[in-house]
Amino acid sequence: MVQSSVLGFPRMGKLRDLKKATEAYWGGKISRDDLLAEGKRLRLEHWNIQKNAGVDLIPSNDFAFYDQVLDHIQLFNVIPERYSKYNLDPLDTYFAMGRGLQKEGVDVPALEMVKWFDSNYHYVKPALSDNQEFKLAADPKPVREFLEAKAAGIVTRPVLLGPVSFLALGKADRGASLNPITKLQDLLPVYADLLAQLKAAGAEDVQIDEPVLVFDLAADVKAAFKPAYEKLGNLGDKAPRLTLATYFGDIVHNIDVLSSLQSLHAVHVDLVRNPEQLDTVIAALGPNQTLSAGVVDGRNIWKADFKVAIEKVEAAIQKLGKDRVIVATSSSLLHTPHTLASEKNLDAEIRDWFSFAVEKLSEVVVIAKAVTEGPASVSAELEANAKSMHSRATSTRTNDPAVKARQAAVTPEQHIRQSPFPVRIAQQTEHIKLPKFPTTTIGSFPQTSQIRVTRNKFTKGEITAAEYEKFIEDQIREVVKVQEDLDLDVLVHGEAERNDMVQYFGERLTGYAFTTHAWVQSYGSRCVRPPIIVGDISRPAPMTVKESKFAVSITNKPMKGMLTGPITCLRWSFPRNDVHQSVQAQQLALALRDEVVDLEEAGVKVIQVDEPALREGLPLRAGAEREKYIKWAVDAFKLSTAGVTDSTQIHSHFCYSEFQDFFHAIAALDADVLSIENSKSDAKLLKVFVDEKYPRHIGPGVYDIHSPRVPSEQEIKDRAAEMLAYLSPEQLWINPDCGLKTRAWPETKAALANMVAAAKYFREKY
Ligand SMILES: CN1c2c(nc(N)[nH]c2=O)NC[C@@H]1CNc1ccc(C(=O)N[C@@H](CCC(=O)N[C@@H](CCC(=O)N[C@@H](CCC(=O)O)C(=O)O)C(=O)O)C(=O)O)cc1
Ligand SMILES: N[C@@H](CCS)C(=O)O
Ligand SMILES: [Zn+2]
């Protein structure tokens, strides 16, 4: 029998219940026990949904109050002393590491948070000390949650992040210099103990995620797999069987590693992303090993094409037999929204093309049944699926000849600014008039609950468009006044009218569908509702001009227009899977180009086009695919921005971007000013700008915006002084790491006041 399996389920709940409970706990509105009870309720609900859908292998320990990697940091006691020294309740230590804490004598910033592979999910990076010791937590979470499910009559397959990935995704803590992978031998006994406890609790199978296998691995990381799994896979009756899971890429380049891991029970590969790896992986399996075939997309919302999926699984069965194949989601379903059932406003034709997490459970079950019992056993499901596939493939909604004609007419010249940077900056200096060390922010100001509630009322028709517009104008007025009082140099309008920097644009572009409840966790309690690209994209009307024009009209200071770039719009939407992403990016670029030109005409002299997802889209492995991506992605940005005159200053913003291996792409954008996230990284990383003789302006973030903590003026001065070791005073802008939408007003004003004071200090000094 071919079993069905799921690698992980979204944990927020149907109505973002976990977000609400967690934020209520942080705000002191519910107790620790209330929060723990809500976590338990959600876990049980999610296990039952999977059980009722008929899934054979149901995950546990995929739940986390903040992040699954952070769970492992606490599980193995990789807790830096700056957090443990306060002897907080374990849950509060956990949140302090995730989001920082500044309260009642505690003042500690968060651990670094970075993107999870090429997704829009963020994980907390393990930070190891030179003398790092590992210790398994008492009452380990994976065992506790396994027993919790078992008590409810559901035998689950616990999910662990494997030791090699845990270490390879970590780093040396501040002041330490170790290479984390050198600690493998010390970590393995802790895993062995954990596996033994899981087995004793009744777990027969464990899913052990080693997603780093999709990367080009450093030799020492690659070499770590064999000793790790020789130990963990040979614990005999004392341990569960291990299914090693990889996702978001292929493992063909590391296939020798796989061949050496004969102690594993099963290997999971992502056959949505890389179907071509199937034969190589099968050939590397030992005679008793099982293949977990990831054929239902865990990263997108399109219905699986049953015909294609079944063909892949049948191809595996041909070689391995039915008992050695499992049908699975390609990755955890964490990256998909909870259920399509919550969407009441979707057009019926389009809705029929989608499948969210709950619906994907049925997909793995149907595919497993089709290959176990034969297609006749699920003929109705197969027929309905074939109809949906046909409907989408032939729909006129996906095809806009006018968009295609415009794309065909794009010329190389449209990607290039009129003059080179020295000419442009001279004109911009004249046109915009800025001091040295100009201060600015990244765009958004606090999205207060008043803003969200008012928008919600407008969406529900409880207030009129005119009332909402007036409300937004008042918000802009307030934000402009605050910035003037703070004496910032380049102002922003605050983005109060935007629900999200991508969704907002998706809702204004033709070719998109958008949802009401399709939330996906981005980090911690924060969620996003990615709009869905269903067809060719165009801009029926200006999207941001009204608010920017209004903002320009109420101040004498320069006002930045604020747009989300084509690659970020693409990556943080659910993209089409029937058209290459480069085509979708170019369509977005053309729509944004018109918006940029309209903003310029409206008197906006500075325009920022955010591209925080540019780095995230980089193929995970070096090689030709990467270079191709960089070419089309950079072209899309340039196409969107190069329609302006020299005196208009183009900014771009990047957060979450490790730019060391990506510098040439950022440089190729030819943006006049870059603002980049830098406050939690070593300023030494800026050396690349010197080495590469980067000529244009840069604002490396001087403080972290993810935490409510207020940086002191001195801290900001120290940070900027470090930057000046690498950047010239003429180049340096002073700004935060990213937008301020998640912050509250008191900390925002306090932090910006310190930032402006620090900038003035340098202005005096130079
Ligand atoms: C910069 N980042 C972003 C990423 N991806 C995006 N798509 N957008 C981003 O900005 N990826 C990388 C980072 C991740 N960072 C963040 C930062 C902040 C958030 C965030 O705050 N998310 C909000 C939801 C934002 C939103 O869409 N709000 C809507 C709906 C608000 C709402 O909850 N309404 C209520 C009713 C009103 C009320 O009572 O409050 C409801 O529907 O029930 C809006 O403002 O209209 C979050 O709350 O998590 C995400 C990623
Ligand atoms: N302009 C956006 C960028 C976030 S990456 C903001 O300020 O929120
Ligand atoms: Zn940002």
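Both ligands and their constituent atoms are indexed starting at 1 by order of listing. For reference, positions follow the sequence shown, starting with 1.
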J.: Indicate yes or no: does an N/O atom of C738 lie under 3.5 Å from an N/O atom of ligand 1?
T.: no
J.: Any atoms of ligand 1 less than 4.0 Å from a non-hydrogen atom of Q503? List them with their elements.
T.: 27 (O)
J.: Verify the ring-centre separation between H338 and F9: is it less than 6.0 angstrom?
T.: yes
J.: Regarding ligand 1, does R498 bring an N or O atom to under 3.5 Å of one of the ligand's N or O atoms?
T.: no
J.: One residue to check: R452. Relative to ligand 1, which of side chain, backbone, both or neither has a non-hydrogen atom less than 4.0 Å away?
T.: both
J.: Taking non-hydrogen atoms only, is P612 closer than 4.0 angstrom to ligand 2 via side chain, backbone, both or neither?
T.: side chain
J.: For R455 and ligand 1, does the shortest N/O to N/O distance drop below 3.5 Å?
T.: yes
J.: So for ligand 2, is I442 a polar contact partner (N or O within less than 3.5 Å, distance only)?
T.: yes
J.: Is W572 in polar range of ligand 2, meaning some N or O pair under 3.5 Å apart?
T.: no
J.: Under 3.5 Å between some N or O of ligand 2 and some N or O of S444?
T.: yes
J.: Do the numbers put R11 on top of the ring of F63, so that NZ or CZ is under 6.0 Å from the six-membered ring centre and no more than 45° off the axis?
T.: no
J.: Only heavy atoms of V453, strictly under 4.0 Å: list the atoms of ligand 1 that pass.
T.: 38 (C), 39 (O)
J.: Could you tell me which atoms of ligand 1, counted from 1 in the order shown, lie closer than 4.0 angstrom to a heavy atom of K19?
T.: 47 (C), 48 (O), 49 (O)
J.: Please determine if R696 and D670 form a salt bridge, counting it only when a charged side-chain N lies under 4.0 Å from a carboxylate O.
T.: yes
J.: Indicate the ring-plane relationship of H697 and W733, choosing parallel, tilted or perpendicular according to the 30° and 60° boundaries.
T.: tilted
J.: Only heavy atoms of K741, strictly under 4.0 Å: list the atoms of ligand 1 that pass.
T.: 9 (C), 10 (O), 17 (C), 18 (C)
J.: If we check side chain to side chain donor-acceptor pair (under 3.5 Å) with T555, which of these qualifies: K481, H493, E484, R477?
T.: E484
J.: Heavy-atom contact under 4.0 Å between P612 and ligand 1?
T.: no
J.: Consider every N or O of K115 and every N or O of ligand 1, then say whether any pair is closer than 3.5 Å.
T.: no
J.: Is D118 paired with R299 through a side-chain N to carboxylate O contact shorter than 4.0 Å?
T.: yes
J.: Do ligand 1 and R16 have nitrogen or oxygen atoms that lie under 3.5 Å from each other?
T.: yes
J.: Under 6.0 Å between ring centres: does that hold for W745 and F445?
T.: yes
J.: Please determine if W519 has a nitrogen or oxygen closer than 3.5 Å to a nitrogen or oxygen of ligand 1.
T.: no
J.: Among the N/O/S atoms of H653, select the one at the shortest distance from the Zn ion (ligand 3) and name it.
T.: NE2
J.: Salt bridge or not for E473 and K470, using N-O below 4.0 Å?
T.: no
J.: Hey, would you say the H335 and F248 ring centroids sit under 6.0 Å apart?
T.: yes
J.: For atom 28 (N) of ligand 1, state which one of I442, V520, N499 supplies the nearest heavy atom.
T.: N499
J.: If you take the centroid of each ring, where Trp contributes its six-membered ring, are W26 and F95 closer together than 6.0 Å?
T.: yes
J.: Go through the side-chain N and O atoms of N456 and E462 and say whether any donor and acceptor fall under 3.5 Å apart.
T.: no
J.: Going by distance only, is there an N or O of S449 that falls short of 3.5 Å from an N or O of ligand 1?
T.: no
J.: Is a side-chain N or O of S679 found less than 3.5 angstrom from the main chain of D704, in a donor-acceptor match?
T.: yes
J.: Just going by heavy-atom distances, which of W572, Y121, F458, Y523 is nearest to atom 4 (C) of ligand 1?
T.: W572
J.: Contact between ligand 1 and C527 is defined here as a heavy atom of the residue under 4.0 Å from a ligand atom; is it met?
T.: yes
J.: Would one find an N or O of R529, backbone or side chain, under 3.5 Å from an N or O of ligand 1?
T.: no
J.: Side chains of Y703 and N754: any donor to acceptor distance under 3.5 Å?
T.: no
J.: Determine whether the side chain, the backbone, both or neither of N456 has a heavy atom under 4.0 Å from any heavy atom of ligand 1.
T.: side chain
J.: Are F471 and F458 an aromatic pair by the rule of ring centers under 6.0 Å?
T.: no
J.: For ligand 2 and Q608, I'd like to know whether there is a polar contact (N/O to N/O, distance under 3.5 Å).
T.: no
J.: Short list, please: which atoms of ligand 1 are under 4.0 Å from a heavy atom of V528?
T.: 5 (N), 6 (C), 7 (N), 8 (N), 50 (C), 51 (C)
J.: Using a strict 4.0 Å threshold on nitrogen-to-oxygen distance, state whether E112 and K125 make a salt bridge.
T.: no
